[in-house]
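Just so it is clear: chains get the letters A, B, ... in the order the sequence lines come, proteins before strands, and each one is counted from 1.
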There are 2 protein chains.
Amino acid sequence: MTSVTEATPGSNAQRERRRRILDATIALADSGGFDAVQMRAVADNADVALGTLYRYFPSKIHLLVTALGRQFERAEEQSRNRQVPGDTAHERVMYILGHTTTALQKQPELTEALTRAFMFADASVADEIHFVGMKLTAMITRAIDGTDENREPTEEDTAIVRVISDVWFTALMGWVTGRTQAEDVTKSVDVAVRLLLR
Amino acid sequence: MTSVTEATPGSNAQRERRRRILDATIALADSGGFDAVQMRAVADNADVALGTLYRYFPSKIHLLVTALGRQFERAEEQSRNRQVPGDTAHERVMYILGHTTTALQKQPELTEALTRAFMFADASVADEIHFVGMKLTAMITRAIDGTDENREPTEEDTAIVRVISDVWFTALMGWVTGRTQAEDVTKSVDVAVRLLLR
DNA sequence: TCCAAATCTAGAACGTGTTTCAATAATCAT
DNA sequence: ATGATTATTGAAACACGTTCTAGATTTGGA
């Protein structure tokens, strides 16, 4: 995967181009959502030719999911440095997901763009998707385990995290596609977490 | 909603056209998945003009999600007439979802087309989506309640059904997009059901 | 430094979802 | 039955993701 994690290869100019492309993508997504991220517009705003854009990212979906990965990486980094407050696993998980949800909902267009791309992604984007999944899993797992830094997550923890992620994603998808209200996202997750962490 | 449930309005000729369109959609989806459902091809196969197709269904997504609704309606009808075998709620839910999953996986192209459409759907397709959700909820709820036909589902039952649906859908989505194996779908659901129905 | 290979650019071109339009056909109220 | 309204048709046109091409530019090794 040409992930944002690896020391990005290529010359300086190439790393610069890549950064400009992802910046332009985020900016366009933030202003007008999925539809506003038009490949010609991205290329223009990033000052590269359309063909070059396609050399860096083989499709609009790759582009957006990679951008999503960059965002999640930053979010996970931030959350890693702070102690998660809350006395129970339920409280801690809701703290993290509630916060993240609220943050996402403050940039609805951007979230719509990135979520839609995630939904669209097929096997050719598996690596990028996996990267995002890892970040999310790490955040939730850390919240479940709480202060106990060294606790090895059990099988069951992993399973629970998976289910919570699924519920969160589905709820987010409902909101992004305009089928449910913003509050419903957190509410759905809360119900699921209550059922699972008891 | 111009649902498949309501006594479909319009003249005989119109009902016929509508049926031909949905039949052509299913046939094309079954043969080549989402990409094979091209609006021009649907119109040709259904013997209507492209403009007419768009008068009946305002977008490819509406078309596919309506088709999905018709399929689910049939599945739910069938399941309604049979007693769900199994001694525990877990067994019964897995029977229903396992069966449905297997059936879907026998028509991978069709399932890919319908699931992708479902993922794509925005607010303008809310009614059709809701219709599909109702059918699925009905099937799972019946499985949880088992033989006790008259048992009123509790709040908790409803919440559990929602979570199971989310997990099932996410797993199906992973399979449809080629990111996970066929068996993983049933496996994921089984793990979730075990966590929830204990 | 110089050459070959790789990369980048500008722009045309293609495919498919969607829109539009003028002409024709079907339906419905009187 | 007739005129008005509505539905259907066939075809053109548009938008945007994607592909392709031919020529410039940059890069990296001898």
Side-chain angles (χ1 to χ4, degrees), chain A residues 2 8-22 24-25 28-29 31-67 109 112-114 116-122 124-125, chain B residues 2 8-22 24-25 28-29 31-67 109 112-114 116-122 124-125:
Chain A
T2 54
T8 325
S11 67
N12 262 350
Q14 283 171 325
R15 238 173 298 118
E16 263 305 296
R17 269 190 209 98
R18 188 186 157 85
R19 190 193 52 69
R20 286 205 310 273
I21 290 173
L22 287 175
T25 302
L28 283 167
S31 78
F34 189 87
D35 289 341
V37 182
Q38 301 186 357
M39 298 305 267
R40 290 172 178 87
V42 172
D44 280 357
N45 287 27
D47 265 308
V48 297
L50 190 55
T52 307
L53 172 53
Y54 272 94
R55 168 182 278 267
Y56 280 70
F57 298 95
S59 77
K60 174 168 170 172
I61 300 301
H62 280 84
L63 176 57
L64 279 167
V65 176
T66 305
E109 300 286 11
E112 185 253 3
L114 300 181
R116 282 207 115 100
F118 189 90
M119 299 186 331
F120 252 125
D122 67 4
S124 73
V125 205
Chain B
T2 53
T8 326
S11 66
N12 262 351
Q14 283 172 325
R15 238 172 298 118
E16 263 306 297
R17 269 191 208 99
R18 188 187 158 84
R19 189 194 51 71
R20 286 206 309 274
I21 290 174
L22 287 174
T25 302
L28 283 166
S31 78
F34 189 85
D35 289 342
V37 182
Q38 302 186 356
M39 298 305 267
R40 291 171 178 83
V42 172
D44 280 358
N45 286 27
D47 265 310
V48 296
L50 189 56
T52 306
L53 172 53
Y54 272 94
R55 167 180 278 265
Y56 280 71
F57 299 94
S59 77
K60 175 169 171 173
I61 300 303
H62 280 82
L63 177 57
L64 279 166
V65 176
T66 305
E109 301 286 11
E112 186 254 2
L114 299 182
R116 284 206 114 102
F118 188 91
M119 299 186 330
F120 252 125
D122 66 4
S124 73
V125 206

key: Span of DNA chain D, from the first to the last nucleotide whose atoms fall under 4.0 Å of chain B heavy atoms   =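 Contact boundaries, 5' end first: D:dA7 to D:dA13.
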
message = What stems show up for DNA chain D when you take Watson-Crick pairs (N1-N3 plus N6-O4 or O6-N4) and G-U wobbles (N1-O2, O6-N3), both under 3.5 Å, and require three or more consecutive pairs?
response =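 If one scans DNA chain D for consecutive Watson-Crick or G-U pairs, the stems found are C:1-30 with D:1-30.
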
Quick one: closest heavy-atom pair of [X] and [Y], and the distance?
X        : Y        : answer
B:Ser59  : B:Tyr54  : CA-CE2, 4.3 Å
B:Phe34  : B:Arg116 : CD1-CB, 3.7 Å
A:Ala113 : A:Leu64  : O-CD1, 4.1 Å
A:Leu114 : A:Ala67  : CD2-CB, 4.3 Å

Could you check how far [atom1] of [X] sits from [atom2] of [N], rounded to whole Å?
X       : N      : atom1 : atom2 : value
B:Leu50 : C:dA23 : CG    : P     : 20 Å
B:Phe57 : C:dT19 : CZ    : C1'   : 19 Å
A:Lys60 : C:dT16 : NZ    : C1'   : 15 Å
A:Arg15 : C:dC8  : CZ    : P     : 13 Å
B:Leu53 : C:dT20 : CG    : C1'   : 15 Å
A:Tyr54 : C:dT9  : OH    : C1'   : 16 Å
B:Asp35 : C:dG17 : CG    : P     : 8 Å
B:Gln38 : C:dC14 : CD    : P     : 17 Å

Identify whether any heavy atom of [X] sits under 4.0 Å from a base atom; if not, whether one sits that close to sugar-phosphate; answer base, sugar-phosphate or nothing.
X       : result
A:Arg17 : sugar-phosphate
A:Arg40 : base
A:Asp47 : sugar-phosphate
A:Val37 : sugar-phosphate

[atom1]-[atom2] distance between [X] and [Y], expressed to the nearest 0.5 angstrom:
X       : Y        : atom1 : atom2 : result
A:Leu22 : A:Arg18  : CG    : CZ    : 5.5 Å
B:Asp35 : B:Glu109 : CG    : CD    : 9.5 Å
A:Leu28 : A:Met39  : CG    : CE    : 11.0 Å
B:Tyr56 : B:Leu63  : OH    : CG    : 13.0 Å
A:Thr52 : A:Gln14  : OG1   : CD    : 10.0 Å

task = Would you mind telling me which residue lines up with the more 5' stretch of DNA chain D, A:Ala13 or A:Phe34, judged by nearest nucleotide?
result =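 Its nearest nucleotide being more 5', the pick is A:Phe34.
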
request  = Ignoring backbone atoms, establish whether A:Tyr56 has a side-chain N or O less than 4.0 Å from OP1 or OP2 of C:dC8.
outcome  =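 Yes, such a contact exists.
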
